[in-house]
Amino acid sequence: MKQTVAVTVNGAQREDLVEPRTLLVHYLREVAGLTGTHIGCDTSQCGACTVLLDGRAVKACSVFAVQADGRSVTTVEGLATGSTLHPVQQAFWNEHGLQCGFCTPGFVMAAAHLLDENPSPSDDEIRKGLEGNLCRCTGYANIMRAVRSAAAAMNGGAQSQPAATGSAAQPAAAAGS
Ligand code: FES
Ligand code: FES
């Protein structure tokens with residue numbers, strides 16, 4: 001029998017009927033229509049589905065939607081402020097912290113949580129903070145650079161400019177689509 005869940009998603013309150021077995025990631029993608037949260041595995045290992053639940057990074061494939069009842073969820077679509085990217089999104093763009101981009105929303109959310117908890121992480125702390133996220137393209141060097149750059153920007157430094165000059169378009173995954 002379906003249950004009602006009341007969830008604040010990216011600042012907007014909503015109520016929906018869901019099966020008790022519905023995973024949060026399926027709720028976000030199929031009910032809320034927020035497809036920036038990706039599904040990259042069926043073993044809770046890849047982290048592509050990472051969202052913030054009451055400000056803490058969780059794998060949305062390992063949480064039931066009913067467990068989010070009365071709570072607040074932020075997805076990659078909710079990170080930017082209007083047309084201004086979150087510093088982590090901006091840093092992933094600037095430092096080209098992605099290859100295929102499939103894992104990027106999860107990395108962005110995990111990095112945002114990491115920097116929220118630890119504004120000046122060491123490289124080891126960045127690696128540990130992102131250990132639940134896998135990039136199958138193995139683009140980790142630029143992801144590390146992006147997180148370092150985001151930390152610097154969030155601590156008052158300037159973010160570097162994008163290395164590539166070809167397109168003004170922002171990567172879809174970093175922007176949340
Ligand atoms: Fe959630 Fe892979 S889809 S960890
Ligand atoms: Fe391809 Fe990470 S950029 S899986």
Side-chain angles (χ1 to χ4, degrees), residues 5 7 9-10 18-69 71-80 85-115 117 121 123 126-150 160 162-164 166-167 169-177:
V5 289
V7 188
V9 182
N10 297 334
V18 297
E19 299 279 356
R21 63 193 165 98
T22 300
L23 295 173
L24 181 59
V25 68
H26 291 136
Y27 170 74
L28 292 170
R29 290 178 57 84
E30 293 161 21
V31 181
L34 297 168
T35 54
T37 302
H38 292 165
I39 301 169
C41 70
D42 56 9
T43 53
S44 296
Q45 285 184 312
C46 76
C49 61
T50 303
V51 299
L52 304 183
L53 181 61
D54 288 340
R56 295 190 64 82
V58 299
K59 292 178 175 177
C61 71
S62 60
V63 177
F64 291 113
V66 293
Q67 291 177 287
D69 186 33
R71 303 173 74 180
S72 176
V73 176
T74 304
T75 70
V76 72
E77 289 93 339
L79 266 194
L85 294 179
H86 184 284
V88 172
Q89 292 173 302
Q90 187 66 54
F92 269 69
W93 180 31
N94 292 355
E95 303 295 339
H96 196 68
L98 66 154
Q99 291 183 39
C100 78
F102 196 85
C103 66
T104 308
F107 269 102
V108 166
M109 300 310 288
H113 178 230
L114 167 67
L115 296 181
E117 298 235 303
D123 281 1
I126 296 173
R127 285 191 197 95
K128 184 149 183 57
L130 301 182
E131 68 184 0
N133 294 70
L134 302 178
C135 172
R136 284 179 258 195
C137 309
T138 67
Y140 295 106
N142 284 4
I143 290 171
M144 290 290 297
R145 251 194 297 277
V147 178
R148 282 188 217 111
S149 167
S160 62
S167 167
Q170 296 175 353
S177 56

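Atoms considered below: every heavy atom in the structure, side chains included; atoms not considered: hydrogens, waters and symmetry mates. In listed order, ligands and their atoms are each counted from 1. Numbering starts at 1 and runs along the sequence shown.
- Atoms of ligand 1 lying under 4.0 Å from at least one heavy atom of C61, given by number and element, are 1 (Fe), 3 (S), 4 (S).
- We find the CG-CZ distance between L114 and R127 to be 12.5 Å, quoted to the nearest 0.5 Å.
- The contact set between ligand 1 and C46, taken as ligand atoms under 4.0 Å from a residue heavy atom, comprises 2 (Fe), 3 (S), 4 (S).
- Atom 4 (S) of ligand 1 has as its closest protein heavy atom G47 N, 3.2 Å.
- The ligand atoms of ligand 1 that sit less than 4.0 angstrom from a heavy atom of G40 are 3 (S).
- Residues Q99 and G139 approach most closely at NE2-CA, 3.0 Å, considering heavy atoms.
- Contact record, L115 with A150: CD1-CB, 3.7 Å, taken as the closest heavy-atom pair.
- You'll find the side chain of T37 stays beyond 4.5 Å of the side chain of M109, heavy atoms only.
- Remark: of the listed residues V66, V51, V5, V18, V51 is the sole one forming a side-chain contact (heavy atoms from CB on, under 4.5 Å) with L24.
- Nearest heavy atom pair, residue S44 against residue S62, reads OG-CB, 3.9 Å.
- Between L85 and A80, the shortest heavy-atom contact is CA-CB, 4.0 Å.
- Once rounded to the nearest 0.5 Å, the distance linking CG of N142 with CZ of R145 reads 4.5 Å.
- Of all protein N/O/S atoms, those lying under 2.8 Å from atom 1 (Fe) of ligand 2 come to 2.
- In summary, C41 places no N/O/S atom under 2.8 Å from atom 1 (Fe) of ligand 1, failing the contact criterion.
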